[in-house]
Colleague: 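Got a structure here, written out as structure tokens. Questions coming.
Nothing fancy with the numbering, it's 1 onward along the sequence.
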Amino acid sequence: LMHWFIIRKKWYEVWIKALSLLPNNYKMTFMWSALDTTYLNELLDIIKELKLQDRVTIINKFLPEKNYEAVIMESDILLYPYNISTASAALAEWALKFEKPFITSNLDSFIDYIWTGAFSFKAWDAIDLSQKILALNTEESVKLCITLKEKYSRSNMGRNLVVIFESLY
């Protein structure tokens, strides 16, 4: 499991609490920079309180693209949190590129991401999130991601747009 910037609007405490409900072979990596050191320290306290120090890795620095691609390749599931409606297609693109399933919060602005094979979880609900992680970590989910990668590849989407534009004229 992994994710990007460590900032308060990404619900990391929910991810950490969900991890505590999962089997011990589940681990979590937070990758990239902590923009809010106060929040990072709060998270470190939660990790310590839940005795998850050996299951949570925080890479608190920017990595060259080849390095974070390696971390993504080692991940089984990509996590896309947020507790406010703000969205980027970046994670959907990474999920498709590397054929990885991902989980997002159930905000309205993320409804469009469901086509990528994402599961959504109930806001602030670590139990629901842990259940979705267990459900998503299956061979079927990976097969779905491979199918979606082919269907929604840039070349296929480009061809589809050309067909749509040509049909308009």
Side-chain angles (χ1 to χ4, degrees), residues 1-16 18-19 22 26 28-36 39 59 61-169:
L1 306 175
M2 54 87 55
H3 196 56
W4 313 113
F5 291 105
I6 300 170
I7 54 178
R8 197 171 295 275
K9 70 179 182 177
K10 291 190 177 179
W11 282 343
Y12 284 101
E13 59 274 25
V14 176
W15 300 105
I16 293 166
L19 179 65
L22 293 168
Y26 282 75
M28 184 174 292
T29 299
F30 298 142
M31 187 170 67
W32 283 14
S33 184
L35 301 178
D36 178 346
Y39 183 53
I59 302 172
K61 63 181 177 181
F62 289 99
L63 297 174
E65 187 168 329
K66 66 179 181 179
N67 293 74
Y68 65 76
E69 285 185 2
V71 174
I72 290 171
M73 289 302 295
E74 290 298 315
S75 300
D76 295 312
I77 301 170
L78 302 182
L79 306 175
Y80 197 55
Y82 282 108
N83 59 8
I84 58 172
S85 287
T86 176
S88 162
L91 187 68
E93 290 177 16
W94 284 110
L96 290 174
K97 178 178 179 181
F98 292 104
E99 300 170 355
K100 301 290 182 178
F102 76 93
I103 298 177
T104 183
S105 42
N106 65 348
L107 298 172
D108 290 341
S109 62
F110 296 135
I111 290 298
D112 290 340
Y113 289 122
I114 300 305
W115 63 263
T116 62
F119 279 114
S120 63
F121 69 96
K122 296 174 193 164
W124 292 104
D125 190 335
I127 294 170
D128 186 52
L129 175 57
S130 66
Q131 291 169 348
K132 299 294 172 62
I133 290 171
L134 289 171
L136 191 57
N137 197 14
T138 65
E139 236 179 86
E140 292 79 27
S141 294
V142 173
K143 287 178 186 175
L144 174 62
C145 291
I146 292 168
T147 301
L148 292 168
K149 177 183 177 182
E150 294 165 4
K151 181 177 180 181
Y152 292 105
S153 70
R154 288 186 176 162
S155 59
N156 281 341
M157 294 302 287
R159 282 193 294 275
N160 292 341
L161 286 173
V162 169
V163 169
I164 290 169
F165 287 128
E166 285 177 346
S167 72
L168 296 174
Y169 298 102

Colleague: Given 3.5 Å as the limit, does a donor-acceptor pair link the side chain of Y26 with the main chain of I133, or not?
Modeller: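 Not at all, since once roles are kept as given, no pair shorter than 3.5 Å links the two residues.
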Colleague: So, taking the atom named CG in D125 and the one named CD in Q131, what distance separates them when rounded to the nearest 0.5 Å?
Modeller: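 The CG atom of D125 sits 7.5 Å away from the CD atom of Q131.
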Colleague: Any idea which heavy atoms bring A18 and S130 closest together, and the distance?
Modeller: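 Nearest pair, atom of A18 first, then S130: O-CB, 3.7 Å.
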Colleague: To the nearest 0.5 Å, what is the distance between CG (L134) and CG (L22)?
Modeller: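 Answer rounded to 0.5 Å: 5.0 Å.
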Colleague: For residues W124 and F121, report the shortest heavy-atom separation together with the two atoms involved.
Modeller: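 Closest approach of W124 to F121: N-CE1, 4.4 Å.
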Colleague: Find the distance between OH (Y39) and OH (Y12) and round it off to the nearest 0.5 Å.
Modeller: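 If we round to the nearest 0.5 Å, Y39:OH and Y12:OH are 7.5 Å apart.
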Colleague: Rounded at 0.5 Å granularity, tell me how far NZ in K132 sits from CD1 in I103.
Modeller: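 K132 atom NZ to I103 atom CD1 measures 8.5 Å (nearest 0.5 Å).
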